[in-house]
Amino acid sequence: AQSVTQLDSQVPVFEEAPVELRCNYSSSVSVYLFWYVQYPNQGLQLLLKYLSGSTLVKGINGFEAEFNKSQTSFHLRKPSVHISDTAEYFCAVCNAGGTSYGKLTFGQGTILTVHP
Amino acid sequence: GAVVSQHPSWVICKSGTSVKIECRSLDFQATTMFWYRQFPKQSLMLMATSNEGSKATYEQGVEKDKFLINHASLTLSTLTVTSAHPEDSSFYICSARMGQGRTPLHFGNGTRLTVT
């Protein structure tokens, strides 16, 4: 069984400030990791994913995340946020390999609110 | 980019009626589709996985006779909520991918179901 914990349910931040959204996971097998953004009443948009290779992953809209296997973390960061980054962010994992790719376990979500 | 169209985007129905939600891949063959449910202020939970031409595989605790999933073609999967009750009110989201391996996952925009 896997689980994903997003440590902050809400993160308020001022425009142009840096932000970090924290994600920890638990799994007995190797995993792939994802960050998604969800705007109100919309589906999910992939920000970035870690499958293999470099542990620092760069995504869209200036976001990046670092996979830390020893700490089982995959925190999302952005050096300077915009008002338009206000949304809910989900961290997710799935089993690496086999036929489980795409069967995602999601965290509880973090609502990022960017204030002017 | 690849698009998954989910319809309807919202639906209100009376208790005891059935509701069908469609998930279509518009420009790729979706060999596998996933159905998730998101209750208010909660995360997404995987309900079932469907492969084209096969019976869906349901996650533990999901009633297969209540949530009927059909994946009869490579571009269409449907989720039918039978005899809906107010507790079935939720946001339902599908995702789809093509082929095997680590192919991209594409999410629909979701369907908000309200059962009165």
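Just so we're on the same page: letters track the sequence lines, and every chain starts at 1.
Leu44(B) is not listed as a side-chain neighbour of Leu104(A), based on a closest heavy-atom distance of 4.5 Å or more. Side-chain atoms of Met45(B) and Phe106(A), non-hydrogen and from C-beta on, never get closer than 4.5 Å to each other. Phe90(A) has its side chain within reach of Gln38(B): a pair of non-hydrogen atoms, C-beta onward, lies under 4.5 Å apart. In this structure the side chain of Tyr101(A) reaches within 4.5 angstrom of the side chain of Leu105(B), judged on heavy atoms.
Cluster annotation: Leu76(A) is not connected to Ile111(A) through the hydrophobic network of ILVMFWY side chains, with a link wherever side-chain heavy atoms come within less than 4.5 Å. Following chains of ILVMFWY side-chain contacts shorter than 4.5 Å, one cannot reach Phe107(B) starting from Leu33(A), and the two form parts of different hydrophobic clusters. Hydrophobic clustering keeps Phe63(A) apart from Leu44(A) (ILVMFWY residues linked when any side-chain heavy atoms are closer than 4.5 Å, directly or through intermediates). No continuous path of hydrophobic side-chain contacts links Val4(A) to Tyr36(B) [ILVMFWY only; heavy atoms under 4.5 Å]. Hydrophobic clustering, with ILVMFWY side chains joined whenever heavy atoms are under 4.5 angstrom apart, groups Phe67(B) together with Val19(B).
Proximity to chain B (any heavy atom under 4.5 Å) is restricted, for Gln38(A), to the side chain, taken from C-beta onward. Heavy-atom distances place the backbone of Thr103(B), and not its side chain, under 4.5 Å from chain A. Looking at Leu51(A), the atoms closer than 4.5 Å to chain B (heavy atoms on both sides) sit in the backbone and in the side chain alike. Proximity to chain A is absent for every atom of Gln6(B), based on heavy atoms less than 4.5 angstrom apart.
The neighbour count for Lys66(B) NZ, taken as heavy atoms of other residues, nucleotides or ligands under 6.0 Å away, is above 12. Within 6.0 Å of CD on Gln42(B) lie more than 12 heavy atoms contributed by other residues, nucleotides or ligands.
Of residues 72-96 of chain B, those residues with a non-hydrogen atom less than 4.5 Å from any non-hydrogen atom of chain A are, in numerical order, Phe91(B), Ile93(B).
Scanning for side-chain contact (heavy atoms from CB on, under 4.5 Å) contacts around Gln45(A) gives Val37(A), Tyr39(A), Ile60(A), with sequence neighbours left out.
Chain B forms the most heavy-atom pairs under 4.5 Å with one residue out of Gly107(A), Gly109(A), Ala92(A), and that residue is Gly107(A).
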